[in-house]
2 protein chains.
Amino acid sequence: MDTGPKIAQVAALIGDPARANMLSALMDGRTLTASELAYVSGVAPQTASGHLAKLSDAGLLGLEKRGRRRYFRLASPAVARVLEGLMVVAQEGPARQRNLWRGGETLRHARTCYDHMAGRIAVAIADRLVQQSFILLDEDGGQLTDAGRSFFDEVGVDLRLTSKRRVFCRPCLDWSERRPHLAGAVGAAILRHAFEHDWVEHVRDSRALVVTPAGVRELATAFGIRGAPPTDGRDGPVASLSRSRVTVIPVESASLGRR
Amino acid sequence: MDTGPKIAQVAALIGDPARANMLSALMDGRTLTASELAYVSGVAPQTASGHLAKLSDAGLLGLEKRGRRRYFRLASPAVARVLEGLMVVAQEGPARQRNLWRGGETLRHARTCYDHMAGRIAVAIADRLVQQSFILLDEDGGQLTDAGRSFFDEVGVDLRLTSKRRVFCRPCLDWSERRPHLAGAVGAAILRHAFEHDWVEHVRDSRALVVTPAGVRELATAFGIRGAPPTDGRDGPVASLSRSRVTVIPVESASLGRR
DNA sequence: GAAACACTACGGTCTTGGCCGAAGTATTCG
DNA sequence: CGAATACTTCGGCCAAGACCGTAGTGTTTC
């Protein structure tokens, strides 16, 4: 059984807080420079440089040199999937402290996950699409129906702008909601559309998204999602935000994961 | 972004070779005692005890006390999925040494993966089922067709003996073949059937499977898989086995992952 | 060409944590 | 009951590696 040591090597790389922070910061699919990654991981540039070398050598990060900067990104979706998986396990963790998790209300509401959307909003979107039979979603596999194709056409979400090689539609277990949202080409197309039409905006230096007024309107008309006011605050340790239990009405919450 | 430290904690747990070996040993869904896990991980019982305590506390392992023994198992499929994901990433790893991986030929041929089958044989089965349109398989999602239901009825694979709560059919990226095999209830049902009808047997103390003569016959008639002789050797560092490039004819190897 | 900038290499400190021997607590068996 | 078994706790040893100060290399800017 020589697989043990191999996975240990990779896991140990992710197992350092500084490196884990770097990887988390790259989860939204951005590319960041060594300096930026040093900042988010909270270590000195020299230390970060060492970490980044290890992560690149191991094939977890891709590297692009441009001028005097070095841009890093996650090497593959497989890496992103491991990270998401780790978040799920970390959340499941010891049952006792499961609900003490209150930080990052903005993150729980809406965020990017590699190249698609996650959080309450994203789960609500997935729910709606399933409820309307626009998408057939097994807990671990998805398929677009003809009705779904028309629907996306109507809304204006362009599904063609996608690499031929990538997975078309798959669910991705949301670590904050513990229910699936949409990943794959469809998930990416929705996020792209949301950005292009200013439905959402990135919170500075964060994977968190805020829903704009236009977004609220469009999400209501297109997806029937109500009660999703733009959280106008910043993320971070602002405790007051944590209390705003924004109610996203998931239309028919039992429609997913009923097996 | 407080998700970094959380995933680091979990990853660090998996990142120790001894613990990684323990987790790998449990990947086939078995339950093992503390002593057995100490043995497979290659450390003294006292050390293993500490590791197991940490893994249980973190919610990676489930624990059942029976008499003076303590039986451990993976706490959830989510944990197994993280481990599989790590194997994939570890394989992708640094491109240069990708094909130096020659050990464990038996493992590459057929093995259990949590509760279903993996390896060349399993990939061939998945290929066949897709080619015959018994299963619709997106690279990350699957669905059984009516024809597929009849087929499994005929072969005698009982799909009903499965927990209502679990995912019915999903692909699982095979870390040795780097193409998907079948997981979920369908994958589990096939493995169960294969065990019950002595198509395969576990290699002692290993996830590896050997295909029996009966298995060869049945795999050929039921699934059209030829050239799968029972590898009668043991796994381990027996170099001669590594050369037996058993040719499993995948019927139509392009039928999967064609997107 | 000099200064500023982005990043890397080296060397030494210091903490973390894995490891096992010895001893201690449950459980079973005769 | 006492011996054997399965496992845990404690304590001390030791190595791996994270960290940063200093000192580099390569690139851009003025």
Side-chain angles (χ1 to χ4, degrees), chain A residues 1 4-26 30-58 60-73 75 90 94 205, chain B residues 4-26 30-58 60-73 75 94 205:
Chain A
M1 216 73 39
K6 288 174 75 81
I7 76 170
Q9 220 174 320
V10 177
L13 282 171
I14 310 177
D16 175 82
R19 287 192 293 256
N21 277 327
M22 292 172 171
L23 294 166
S24 295
L26 294 168
R30 281 181 297 181
T31 63
L32 295 176
T33 67
S35 309
E36 290 169 323
L37 288 168
Y39 177 75
V40 300
S41 62
V43 295
Q46 317 91 296
T47 308
S49 179
H51 285 316
L52 291 168
K54 286 180 190 177
L55 290 171
S56 305
D57 287 350
L60 297 190
L61 292 185
L63 165 61
E64 190 182 344
K65 304 183 192 185
R66 262 204 308 245
R68 59 185 166 189
R69 298 174 195 227
R70 322 196 96 195
Y71 289 87
F72 292 89
R73 55 172 169 64
D205 293 334
Chain B
K6 288 175 78 81
I7 77 170
Q9 219 174 317
V10 177
L13 282 171
I14 308 176
D16 175 80
R19 287 193 294 256
N21 277 326
M22 292 173 171
L23 293 166
S24 295
L26 293 169
R30 282 181 299 183
T31 62
L32 296 176
T33 66
S35 310
E36 290 168 323
L37 288 167
Y39 177 75
V40 300
S41 62
V43 295
Q46 317 91 292
T47 307
S49 178
H51 286 316
L52 291 168
K54 285 179 189 174
L55 290 171
S56 304
D57 288 350
L60 297 191
L61 292 185
L63 166 61
E64 191 182 343
K65 303 183 192 185
R66 258 203 312 246
R68 57 187 166 186
R69 296 172 196 231
R70 324 195 92 192
Y71 289 87
F72 293 88
R73 53 172 171 65
D205 294 334

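Residue numbers begin at 1 in each chain, while the letters A, B, ... track the order of the sequences. Since the structure is predicted, the reported quantities are computational estimates derived from the model, not experimental observations.
Evaluation of the side-chain contact (heavy atoms from CB on, under 4.5 Å) rule for A:R69 yields A:T33, A:Y71 as partners, not counting sequence neighbours.
Among all heavy-atom pairs drawn from B:I7 and A:A20, the shortest one is CG1-CB, 3.9 Å. For the pair B:N21 and B:V40, the tightest heavy-atom approach, listed with the atom from each and the gap, is CB-O, 4.0 Å.
Rounded to the nearest 0.5 Å, atoms CE (A:M22) and OH (A:Y39) are 14.0 Å apart. Rounding to the nearest 0.5 Å gives a distance of 8.5 Å between CZ of B:R73 and CG of B:L63.
Taking atom CG of B:L52 as the reference point, atom P of C:dC19 lies 12 Å away to the nearest angstrom. Protein atom CG of A:L55 is 12 Å distant from nucleotide atom P of C:dT8, rounded to whole Å. In this entry the distance linking OH of A:Y39 with C1' of C:dA6 reads 18 Å, nearest Å. Summarising the geometry, the separation between CG on B:L13 and P on C:dT16 is reported as 16 Å, rounded to the nearest angstrom.
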Check: residues 9-19 of chain B side-chain donor-acceptor pairs under 3.5 Å, at least two apart:
from	atom 1	to	atom 2	distance (Å)
B:D16	OD2	B:A18	N	3.0
B:D16	OD2	B:R19	N	3.2
B:R19	NE	B:L13	O	2.6
B:R19	NH1	B:H51	ND1	3.1
B:R19	NH2	B:A12	O	3.3

Side-chain polar contacts of residues 41-49 of chain B - donor-acceptor pairs under 3.5 angstrom, sequence neighbours left out - could you list them?
from	atom 1	to	atom 2	distance (Å)
B:S41	OG	B:L37	O	2.8
B:S41	OG	B:A38	O	3.1

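Contacts between residues 64-71 of chain B and DNA chain D, defined by a heavy-atom separation under 4.0 Å, are made by B:R68, B:R69, B:R70.
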I'd like a table of atom pairs between the protein and nucleotides 15-21 of chain D - only N or O on both sides, under 3.5 Å - with the distance next to each one.
from	atom 1	to	atom 2	distance (Å)
D:dA18	OP1	A:R19	NH2	3.4
D:dA18	OP2	A:R19	NH1	3.3
D:dA18	OP2	A:K54	NZ	2.8
D:dC19	OP2	A:H51	NE2	2.6
D:dC20	OP2	A:A44	N	3.0
D:dC20	OP2	A:T47	OG1	3.1
D:dG21	N7	A:Q46	NE2	2.6

